[in-house]
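All remarks here apply to the structure that follows.
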Amino acid sequence: MSTQDRIYGVLLTDKAWNDLSEALARYASTGPTGKYIYCRDINPDGNYFVMVASCTNSDRSSFEAEISIPHHFVTVRGAVAPIHFWSPRANRKWAATSAGF
């Protein structure tokens with residue numbers, strides 16, 4: 001699978017959801033591990049953690065947005081198909097199913 005075929009899942013801290021909930025609500029999904037954002041691309045290397053995520057409007061039109069947030073708001077990020085998560089804080093990796101985080 002090439003990196004272009006990957007979809008990333010990004011889990012955020014509770015503080016991120018509290019502080020940014022209004023701005024991030026349309027990009028959020030929920031699964032067994034909590035709220036997360038599916039992203040077409042991520043870049044954790046700059047001053048901010050950058051995510052490229054899609055949103056579908058109520059009229060079924062969609063758009064992509066580049067979202068930049070402080071690194072301390074990111075808990076876990078992973079690549080889908082198969083989903084593998086890794087935690088920058090815990091320095092560990094575990095697998096999950098592709099049915100949802």
Side-chain angles (χ1 to χ4, degrees):
M1 171 175 57
S2 74
T3 55
Q4 292 178 342
D5 296 332
R6 290 189 181 162
I7 298 173
Y8 297 90
V10 179
L11 279 71
L12 304 178
T13 64
D14 290 338
K15 180 156 178 47
W17 289 115
N18 289 334
D19 292 355
L20 305 172
S21 62
E22 189 173 327
L24 297 178
R26 58 181 19 187
Y27 306 100
S29 297
T30 303
T33 60
K35 281 186 181 179
Y36 59 92
I37 298 175
Y38 272 127
C39 303
R40 182 181 58 76
D41 195 16
I42 59 171
N43 183 355
D45 296 332
N47 290 331
Y48 291 93
F49 188 93
V50 179
M51 305 175 278
V52 177
S54 295
C55 177
T56 302
N57 295 313
S58 58
D59 66 358
R60 298 186 190 227
S61 63
S62 63
F63 63 93
E64 282 192 343
E66 185 175 286
I67 304 164
S68 299
I69 62 171
H71 287 275
H72 67 271
F73 281 157
V74 178
T75 300
V76 177
R77 61 187 189 269
V80 177
I83 299 172
H84 289 280
F85 297 101
W86 62 96
S87 171
R89 293 189 182 102
N91 194 25
R92 63 182 187 169
K93 183 177 178 178
W94 67 96
T97 68
S98 59
F101 289 39

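Every heavy atom of this structure was used, including side-chain atoms; hydrogens, water molecules and symmetry mates were not. The structure presented is a predicted model; accordingly, all values stated were derived computationally and were not measured.
Other residues, nucleotides and ligands place no more than 12 heavy atoms under 6.0 Å from the CG atom of Asn47.
For the atom pair CD1 of Ile37 and CG of Leu24, the computed distance is 4.5 Å after rounding to the nearest 0.5 Å. Between the CG atom of Asn18 and the OG1 atom of Thr13 there is a distance of 8.0 Å, given to the nearest 0.5 Å.
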Output a table of donor-acceptor pairs, distance under 3.5 Å, between side-chain atoms of residues 49-67 and any protein atom two or more places apart or on a different chain; print 'none' if there are none.
from  : atom 1 : to    : atom 2 : distance (Å)
Asn57 : ND2    : Ser61 : OG     : 3.0
Asp59 : OD1    : Ser61 : N      : 3.0
Asp59 : OD1    : Ser61 : OG     : 2.6
Glu64 : OE1    : Arg40 : NE     : 3.3
Glu64 : OE1    : Arg40 : NH2    : 3.2
Glu64 : OE2    : Arg40 : NE     : 2.8

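Shown here are the side chain to side chain contact (heavy atoms under 4.5 Å, CB included) partners of Asp19, two or more places apart in sequence or in another chain: Lys15, Phe73.
Clustering ILVMFWY residues whenever any of their side-chain heavy atoms sit less than 4.5 angstrom apart, transitively, puts Tyr48 in a cluster other than the one holding Leu12.
When all heavy atoms of Thr30 and Tyr36 are compared, the closest pair comes out as C-CE2, 3.7 Å.
Looking only at distances, a side-chain donor or acceptor of His71 sits under 3.5 Å from a matching main-chain atom of Gly46.
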